[in-house]
Amino acid sequence: MFLPNKASKLRIKEAENARRNRQEIVKALADGQITRRELFKWGLFTTGGLLLWKHGLNPFVRSAYADSSIPTGLPRSPLFGVQAFTQPMPRFDVLPRNAIATLTPAPTAQANQTQQVLNPALEGVTPGDTGPIEGRPPGPIWAHQEFTRFPPAIAVPVSTEGAKVNTVYDPGVPSSLNSGINAATPFPPRFHPDLPDQGPLALWTFNGTLPPKLLVGRYGEGIIFRHSNKLPFDIRQNGGFGIHTLSTHEHNGHHGAENDGFTGAFFYPGQFYDYHYPIVLAGWRSINTSATDARAGSPNGSGGITKVPGDWKETMSTHWFHDHMFSFTAQNVYKGDAGMFNIYSALDRGNEAINDGVNLRLPSGTAKDFGNLDYDVNLMLADKAWDANGQLAFDIFDTESGFVADVMTVNLVYRPFFEVERRKYRFRILNGAVSRFFKISLSDASPMIQIANDGNLLPSPVTITQTDELGIAERYDIVIDFSRYSVGQTVTMVNLLAHEDGKLPSSTLSLSEALNGSSSDPCVGKFLEFRIVRDPAQPDVSQVPAVMIPNPDLSAIPVARTRTFKFGDGANQTTNDPVTSFRGPWGIGTDGGDKLDADFGRISAAPRFGTREIWNLVNDGGGWDHPVHIHFEEGQILKRNGSASNVPAWEKGRKDVYRLRPDGSVQITMQFRDFGGMFMEHCHNTLHEDNAMLLRWEIDDGGTPFLRPLPTPIPTPQGVRFQAPTQLNNI
């Protein structure tokens with residue numbers, strides 16, 4: 001939240017004082033000097049977790065000096081004289097793909113329990129204590145499923161650590177295709193060259209560096225994503241927000257739950273966690289099991305196709321990965337712990353020239369067999385805020401509506417420009433904010449072609465002049481044809497959605513309104529400028545075919561069960577486990593039961609392995625919007641607000657995030673197959689998720705080693721113990 005530029009000096013001073021007072025509370029909480037329970041007792045928190053409206057503490061409280069037209073606000077982030085569109089947008093930093101043999105120690109099916117001496121700065125550790133080097137829960141239930149059938153071929157080692165200079169930036173393209181950025185020049189941790197460096201406690205990213213990271217994979221070639229936690233051992237060293245324990249979610253990978261980033265399977269500084277991403281097509285156990293269909297395939301490295309089992313209609317393309325720490329997802333993601341994942345296939349090859357009757361030849365490039373990034377560009381949109389010293393700032397108390405900031409970033413830099421050629425480009429757009437929605441248009445209202453929604457190419461492309469609202473964690477892949485412009489022209493991406501808070505967008509502006517600067521929301525308007533700089537050296541041979549990937553036909557698969565999940569406020573907590581449960585204003589009700597606060601020890605659904613179900617996702621009102629994410633399986637939207645006719649063309653493909661809209665509902669259908677374990681369902685307004693709109697569901701009847709129900713992991717630095725579920729709720 002923010003104050004407008006025209007706020008009075010006294011109003012800004014009051015808000016600054018309130019923020020400093022709040023920071024003292026944040027520090028006391030982080031240092032363990034006070035607890036949330038004490039804040040409730042002192043009358044500073046509501047039972048829902050929201051900081052009360054007290055003058056001198058909550059900057060949203062008006063005083064006699066306040067501008068009465070401003071209902072909410074924090075001091076604006078200082079720009080230090082920086083102007084928009086004065087820096088190039090960096091491409092994502094491509095993570096190295098190494099041979100598996102380069103990993104030491106070698107990856108193992110079950111978690112590596114080799115002991116190490118623990119740092120006594122870790123909570124609950126005394127000098128001489130030891131714990132395992134790998135934080136993955138031990139034993140057969142958390143072993144990598146189908147590790148022998150789908151052995152990993154590629155090693156991708158990463159860390160999460162505090163901000164530092166990037167000296168090994170790899171954009172995957174030459175400087176001429178990266179707006180002139182010289183990748184050999186050290187890349188500092190700044191949102192703009194003229195803004196301050198982010199400190200190592202303010203910004204936590206993969207490998208500790210900017211730009212954000214891009215993982216590249218292809219079907220049939222498994223990856224070990226070895227994630228090392230290099231954050232401070234002392235939990236208090238967090239720059240005022242965030243926590244040093246991690247759990248990385250590959251959103252929305254089709255693999256076992258041990259690799260899903262379960263919110264309760266977190267690991268500590270000094271440990272690593274081996275995530276195994278087999279990159280397989282859903283349905284591999286039952287569809288195309290002999291791998292005879294070339295459409296179910298992967299680039300073989302030399303222009304051909306390696307066929308793989310599974311349903312080619314389940315091919316996925318644009319994923320992302322981010323922290324999923326229980327009750328701290330918003331804070332850790334906001335600090336920078338997020339990246340994107342491009343998955344290549346026989347259909348979506350990343351080579352626009354190969355004409356084999358299978359490859360869709362989408363804009364990409366031609367130099368490599370697969371994964372060309374020349375004209376295939378990842379965009380991560382996120383709003384940020386910083387304090388008077390230019391250090392990243394976050395309001396941990398805004399648990400009710402959600403946190404929206406006042407500075408618009410693309411790929412974690414402030415309002416950049418990007419140089420393009422006169423040809424077609426594909427943009428993989430991720431909403432990487434914590435509470436803000438976006439709605440995108442071009443400044444001249446010219447058409448764009450939407451080809452994908454979330455991780456999945458649509459059955460057919462949809463021509464649009466502005467996107468639908470892009471909910472948190474949703475991905476829209478769009479194609480823009482810049483051949484309609486002349487060299488020297490510019491065109492800009494524009495955000496049309498205004499926020500007053502994180503509840504939901506307050507208004508959709510017309511393009512002219514968004515461009516004239518009249519909105520009080522600083523993130524409305526132009527945010528990415530395209531500069532048309534030259535004609536392409538080679539003819540543009542890319543295509544956007546009229547037919548892409550049809551949905552799987554599920555009509556012959558019986559519906560085993562229908563469930564209803566209701567999302568809203570006013571939730572109750574029926575458990576009190578100090579590790580697994582949390583209290584907040586938000587919750588989820590299951591099949592007519594009360595709305596319950598999150599407890600990752602509670603099981604709220606347990607679909608049978610190999611079945612299909614229908615799930616109704618219902619917004620319980622209050623004028624909120626909830627982008628609901630269901631882990632592991634892609635779904636198809638059957639109805640919106642009770643009618644199939646309400647489902648727009650761009651939502652008729654497979655999805656993994658379902659924006660409910662105020663007072664709305666979505667009916668979806670999913671299958672549950674191939675892998676098992678414990679997964680999650682939650683609102684992806686991550687402030688809602690953390691406080692406490694999240695539930696656990698599991699597939700636990702697929703045979704050995706699974707148990708019904710599954711025991712809950714309880715991580716500690718000394719190792720992970722297990723306990724029985726706290727509650728079985730309408731499973």
Side-chain angles (χ1 to χ4, degrees), residues 16 19-34 74-75 77-78 80 119-123 125 158-167 186-192 195-213 227-248 266-271 322-339 382-398 403 405 407 409 412-414 432 434 686-687 690 717:
E16 286 283 11
R19 179 150 68 178
R20 281 193 295 270
N21 293 339
R22 290 156 73 89
Q23 286 174 336
E24 291 181 7
I25 295 177
V26 170
K27 186 176 187 304
L29 280 168
D31 291 352
Q33 296 172 344
I34 58 174
L74 288 176
S77 301
F80 300 92
N119 189 307
L122 285 168
E123 56 268 35
V125 171
V158 299
S159 61
T160 293
E161 52 188 295
K164 62 183 183 181
V165 174
N166 189 350
T167 60
F187 200 106
R190 301 174 187 162
F191 298 123
H192 187 280
L195 291 174
D197 281 2
Q198 294 299 302
L201 300 185
L203 188 70
W204 292 349
T205 69
F206 286 101
N207 294 342
T209 60
L210 300 179
K213 302 300 174 273
H227 189 184
S228 296
N229 188 337
K230 295 185 179 180
L231 294 175
F233 290 97
D234 187 340
I235 194 172
R236 298 169 295 182
Q237 301 301 307
N238 69 347
F241 64 97
I243 196 167
H244 66 177
T245 44
L246 303 169
S247 180
T248 302
F266 49 89
F267 61 109
Y268 287 82
Q271 292 183 315
H322 62 86
D323 183 64
H324 219 304
M325 176 64 198
F326 185 59
S327 78
F328 282 88
T329 296
Q331 297 179 45
N332 284 359
V333 171
Y334 182 82
K335 284 179 86 78
D337 209 35
D383 53 335
K384 301 293 181 183
W386 44 79
D387 62 21
N389 297 316
Q391 297 301 293
L392 198 63
F394 185 82
D395 185 1
I396 69 168
F397 297 106
D398 197 3
F403 178 77
V407 180
T409 69
L412 293 182
V413 298
Y414 169 66
V434 295
T686 46
L687 267 299
D690 288 343

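Heavy-atom basis, side chains included; hydrogens, waters and symmetry copies ignored. This is a predicted model, so every value here is computed, not measured.
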Distance in Å, [X] [atom1] paired with [Y] [atom2], rounded so as to fall on 0.5 Å steps:
X: Ser327; Y: Leu687; atom1: OG; atom2: CG; answer: 11.5 Å
X: Thr209; Y: Asn207; atom1: OG1; atom2: CG; answer: 5.5 Å
X: Leu412; Y: Leu203; atom1: CG; atom2: CG; answer: 7.0 Å
X: Leu122; Y: Ile235; atom1: CG; atom2: CD1; answer: 9.5 Å
X: Asp323; Y: Leu246; atom1: CG; atom2: CG; answer: 5.0 Å

Side chains of Asp337 and Thr160 only: does a donor on one sit below 3.5 Å from an acceptor on the other?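 The criterion, which ignores hydrogens and geometry beyond distance, is satisfied for Thr160 and Asp337.
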4.5 Å side-chain heavy-atom contact, [X] and [Y]:
X: Phe191; Y: Val407; answer: no
X: Trp204; Y: Asn238; answer: yes
X: Lys384; Y: Tyr334; answer: yes
X: Arg190; Y: Gln198; answer: no
X: His192; Y: Val413; answer: no
X: Phe267; Y: Thr245; answer: no
X: Thr329; Y: Ser247; answer: no
X: Gln271; Y: His227; answer: no

Quick one: ring pair (Phe, Tyr, Trp, His ring centres under 6.0 Å) partners of Phe326, sequence neighbours excluded?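 Result, ring pair (Phe, Tyr, Trp, His ring centres under 6.0 Å) vs Phe326: Phe600.
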With Phe233 via ring pair (Phe, Tyr, Trp, His ring centres under 6.0 Å) - residues at least two apart: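 Scan of Phe233 (ring pair (Phe, Tyr, Trp, His ring centres under 6.0 Å), adjacent residues dropped) gives none.
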Non-hydrogen atoms of [X] and [Y] that approach each other most closely:
X: Ser77; Y: Ala385; result: OG-CA, 3.3 Å
X: Asp197; Y: Pro188; result: OD1-CB, 3.9 Å
X: Pro212; Y: Ala338; result: CB-O, 4.2 Å
X: Leu201; Y: Lys335; result: O-NZ, 2.7 Å
X: Ile396; Y: Gly240; result: CG2-O, 4.3 Å
X: Pro717; Y: Val125; result: CB-CG2, 3.7 Å

Check the pair Phe241 / Gln331 against side chain to side chain contact (heavy atoms under 4.5 Å, CB included), numbers first and verdict last. CA-CA 6 Å; Phe241 64 97; Gln331 297 179 45; 3.5 Å; yes
What orientation do Phe394 and Phe403 show, parallel under 30°, tilted 30 to 60°, or perpendicular over 60°?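 Ring orientation, 0 to 90° scale: tilted.
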Any side-chain to backbone donor/acceptor pair from [X] onto [Y]? Under 3.5 Å, distance only.
X: Asp690; Y: Ala330; value: yes
X: Thr686; Y: Val434; value: yes
X: Gln237; Y: His244; value: no
X: Thr409; Y: Ala382; value: yes
X: Asp234; Y: Arg236; value: yes

Who pairs with Lys164 by side chain to side chain donor-acceptor pair (under 3.5 Å), at least two apart in sequence or on another chain?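 For Lys164, the residues satisfying side chain to side chain donor-acceptor pair (under 3.5 Å) (neighbours in sequence not counted) are Glu161.
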